[in-house]
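See below for the structure under consideration.
Since this is a predicted model, take the numbers as computed values, not measurements. All chains are named by letter (A, B, ...) in the order of the sequence lines, taking the proteins before the strands, and each is independently numbered beginning at 1.
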Number of protein chains: 2
Amino acid sequence: MRVTSRPLEDLEGWELHTDSGRIRHASGRFFSVGGIEVDMPGAEVPRWAQPVIHQPETGILGILVKRFAGVVHLLMQAKSEPGNRGGFQFSPTVQATRSNFTGVHRGRAVPYIDRFLDAAPDQVVADVRQSEQGTWFVRKHNRNMIVEAADDVEVIDGFVWLTLGQVHRLLAEDNLVNMDARTVLACLPFSGPELGALLGDGRGFRGALVRSCLPEPCPLHTTGEILGWISRVRSMIEVNVSPVPLWGLRGWRWEGGRISHEHGRHFDVIGARVRARGREVAGWDQPMIAARGVGTVAFVATRIQGVLHVLVRTRIEPGYADVAELGPTVQCGPVRGGRRTPPFLREVLGAPAGRIRFDTVLSEEGGRFFHTRNRYMVVEAAPGEVSEAPGFRWVTLHQLSGLVRHSHYLNIEARTLMACLHSLAARL
Amino acid sequence: MRVTSRPLEDLEGWELHTDSGRIRHASGRFFSVGGIEVDMPGAEVPRWAQPVIHQPETGILGILVKRFAGVVHLLMQAKSEPGNRGGFQFSPTVQATRSNFTGVHRGRAVPYIDRFLDAAPDQVVADVRQSEQGTWFVRKHNRNMIVEAADDVEVIDGFVWLTLGQVHRLLAEDNLVNMDARTVLACLPFSGPELGALLGDGRGFRGALVRSCLPEPCPLHTTGEILGWISRVRSMIEVNVSPVPLWGLRGWRWEGGRISHEHGRHFDVIGARVRARGREVAGWDQPMIAARGVGTVAFVATRIQGVLHVLVRTRIEPGYADVAELGPTVQCGPVRGGRRTPPFLREVLGAPAGRIRFDTVLSEEGGRFFHTRNRYMVVEAAPGEVSEAPGFRWVTLHQLSGLVRHSHYLNIEARTLMACLHSLAARL
């Protein structure tokens with residue numbers, strides 16, 4: 001796959017649509033890039049404008065699983081995306097927009113899609129719509145599915161069965177497991193007897209983590225308290241998002257074929273020309289979002305009564321369907337001089353090596369984001385060292401697994417970290 | 001409280017607002033009445049227009065509870081509403097729109113509101129936003145709260161402590177417990193040891209019902225299956241709702257100061273003049289919705305392995321925030337000649353007296369709906385007599401209690417029936 005830069009105004013098949021104020025595909029489908037004005041009375045930044053991606057379709061991100069000799073295997077796809085840095089990444093079995101599988105692409109059919117669309121209820125391990133980045137998308141969500149195959153599955157070119165353990169080990173490598181795979185992995189039910197068996201060495205970080213995944217331990221806050229907390233934030237905070245034309249956004253400049261923040265912050269909207277083999281179509285143009293620099297996404301964790309808790313934060317992003325979702329302790333772009341440092345960022349970046357439990361650079365979705373990566377970290381604080389600031393709560397992994405069965409409680413960054421923590425719990 | 005009819009065009013303080021195409025309050029607040037066009041490809045009625053109420057504020061419906069000598073009491077308000085037939089009904093401690101408690105009314109403050117706005121997390125028994133009628137409101141929801149008081153509570157005029165048992169008995173009387181009280185009651189956690197103790201007589205309908213409320217019994221479908229079912233419906237069904245002006249709605253006539261369906265079906269939008277004592281303000285005008293005739297809302301229930309299951313149905317209503325919610329087995333207005341009978345209505349209305357477990361006429365919210373009532377019923381079918389039709393699933397009461405901890409799974413009609421079933425389980 002070869003990707004070259006191309007001015008936004010010259011993208012083939014895309015038009016500057018005056019009525020909607022967006023760059024959109026000439027067919028009116030796929031996705032479009034527009035502007036929003038955000039009004040959050042009382043917030044640190046109470047008012048701003050920005051470009052966003054509109055993609056109202058609900059796609060499917062699905063992983064097919066199958067037991068071979070009792071061991072769970074996942075059918076992963078080695079997939080290149082235009083925004084990937086350095087080639088393919090492991091992706092779900094199916095990663096398809098609705099347009100893909102209803103055939104607007106007029107490309108080849110989506111392999112294995114019928115396994116998800118026609119799955120019998122008792123084959124469905126998980127099926128839940130989850131949000132994507134609320135700072136870059138407006139109300140985008142995808143259906144995250146895990147389906148278990150009982151019959152033989154033909155493995156076609158570009159797909160491979162990996163054990164859950166193999167996928168977990170790959171997660172520790174930079175840019176190898178893509179965002180769509182990570183969010184589906186987070187939805188995999190993760191407890192039960194096989195995990196309890198791991199408790200053999202009940203001490204240390206890993207013992208505390210495994211206990212955190214099990215239903216029994218008593219969390220610091222009941223799940224009712226956590227639900228009430230989210231409900232209160234969603235009821236009391238007001239977020240007004242108004243669509244505005246992409247051109248003339250306050251604080252942004254459209255120059256040199258791209259849209260950039262006037263102070264070079266946040267991200268750019270760029271145009272890309274893609275030439276590919278082995279895809280539904282041989283080539284295409286598209287707009288993409290390119291973040292400025294590598295961000296930091298981290299959970300601060302600590303042991304409370306021997307059970308690992310992670311510090312979640314209510315995050316309000318303009319693109320969320322329902323005001324707020326729970327996010328990681330830290331989630332921010334590169335912090336430069338003169339800007340206020342987000343809470344706990346210093347603790348995370350300054351943690352001694354022995355306290356860093358996970359530290360990998362992972363890519364955001366390469367179909368929409370160009371070379372956009374975050375450093376995902378889990379840092380353990382000594383018991384009592386870090387206390388809950390307003391807007392933060394300690395929760396167990398089991399509580400997160402309970403929440404992720406429902407839509408729109410955990411943001412995509414928190415879900416990636418869940419998958420990372422599960423990989424640490426299960427690693428033998 | 002005296003309510004007289006008044007033409008929609010002549011309501012004092014209200015205006016026909018040309019830009020929005022709505023009747024709205026001159027202050028721009030409270031609520032407005034507009035039109036929508038609904039497009040549901042593939043539905044039985046794939047396209048229609050109708051009037052709706054827009055009320056984007058999230059209000060609070062709250063019941064204060066307190067244990068006296070170990071017995072749970074609820075602080076209920078005897079409240080008259082303009083739409084009530086025959087005077088006051090038992091209402092929650094607080095039933096307030098955001099405008100009420102932020103003072104736009106310029107009336108007296110809402111009693112007890114601080115108990116809810118300032119409740120400490122460990123006093124909050126329930127706090128969840130729940131939808132209201134998706135056929136009459138656009139995306140309206142209220143925060144349903146139950147807060148337990150530990151200190152002394154001054155009981156002011158018009159309020160009374162009732163035991164849960166008393167409230168349950170009142171539910172069996174026509175038009176005595178209002179809609180807002182019923183939806184909050186449905187959110188009261190309902191299981192635990194005190195209920196298990198009732199299992200003494202484990203046989204018959206009541207034994208099966210009590211078992212249905214407890215966590216242990218194995219439901220016909222796992223909760224994961226039920227969640228997957230809802231997710232699938234929400235992902236696959238397309239509902240497009242477009243706002244249109246209230247005037248000129250296809251299929252509706254604005255004549256004689258009211259808006260009516262051209263065949264006299266569904267409901268009317270009427271104007272009302274209210275004169276009241278003991279309210280925040282002494283009098284006001286407002287538009288209201290008046291349903292045509294008394295509807296039927298019913299659960300068909302049956303015992304499966306000795307555990308009562310109720311037959312829920314996925315309902316798609318244009319005003320829901322998220323496409324579909326679970327509703328009762330039957331939910332319909334009066335059925336007249338020539339119209340197709342909804343599934344299971346015949347079974348419900350033709351059930352022998354010995355099979356009818358609950359049968360009471362209850363009012364919808366009297367602040368917006370004029371003399372609008374439904375006959376709420378629970379009818380028990382013999383085991384194996386009724387099977388799941390497409391779009392229907394058997395679930396236990398405990399599963400419903402699990403769902404009602406989250407927003408937008410159970411519609412308001414199903415929540416009323418939950419409260420009714422709880423009243424049957426707990427009645428001594």
task = May I ask you to name which of A:G224, A:S235, A:A119 has the most heavy-atom pairs under 4.5 Å with chain B?
result = A:S235
Between CZ on residue B:R143 and CZ on residue A:R232, distance to nearest 0.5 Å = 6.5 Å
message = Return the CZ to NE2 distance between A:R234 and B:H141, rounded to the nearest 0.5 Å.
response = 9.5 Å
request  = Please state whether the side chain, the backbone, both or neither of B:N142 comes within less than 4.5 Å of a heavy atom of chain A.
outcome  = neither
task = Could you tell me which portion of A:T223 (side chain, backbone, both or neither) has an atom closer than 4.5 angstrom to a non-hydrogen atom of chain B?
result = both
message = Applying ring pair (Phe, Tyr, Trp, His ring centres under 6.0 Å), can you list everything that pairs with A:H25, at least two apart in sequence or on another chain?
response = A:W14, A:F30
task = Mark yes when over 12 heavy atoms from residues, nucleotides or ligands other than B:E388 sit less than 6.0 Å from its CD; otherwise mark no.
result = yes
request  = Kindly determine whether B:E225 and A:V124 satisfy side chain to side chain contact (heavy atoms under 4.5 Å, CB included), including the steps that lead there.
outcome  = CA-CA 8 Å; B:E225 280 171 22; A:V124 177; over 6 Å; no
request  = Could you tell me which of B:T58, B:V125, B:D322 has the largest number of non-hydrogen atom pairs under 4.5 Å with chain A?
outcome  = B:D322
key: Set of side chain to side chain donor-acceptor pair (under 3.5 Å) partners for B:D180, sequence neighbours left out   = B:Q95
key: Under 4.5 Å from any heavy atom of chain A - which part of B:I60   = neither
ask   = For B:M236, is it the side chain, the backbone, both, or neither that has a heavy atom closer than 4.5 Å to a heavy atom of chain A?
value = both
key: Closest-packed option against chain B by number of heavy-atom pairs under 4.5 Å, given A:G228, A:P121, A:S407, A:A321   = A:G228
query = Quick one: of B:D127, B:I230, B:V128, who has the most non-hydrogen atom pairs under 4.5 Å with chain A?
reply = B:D127
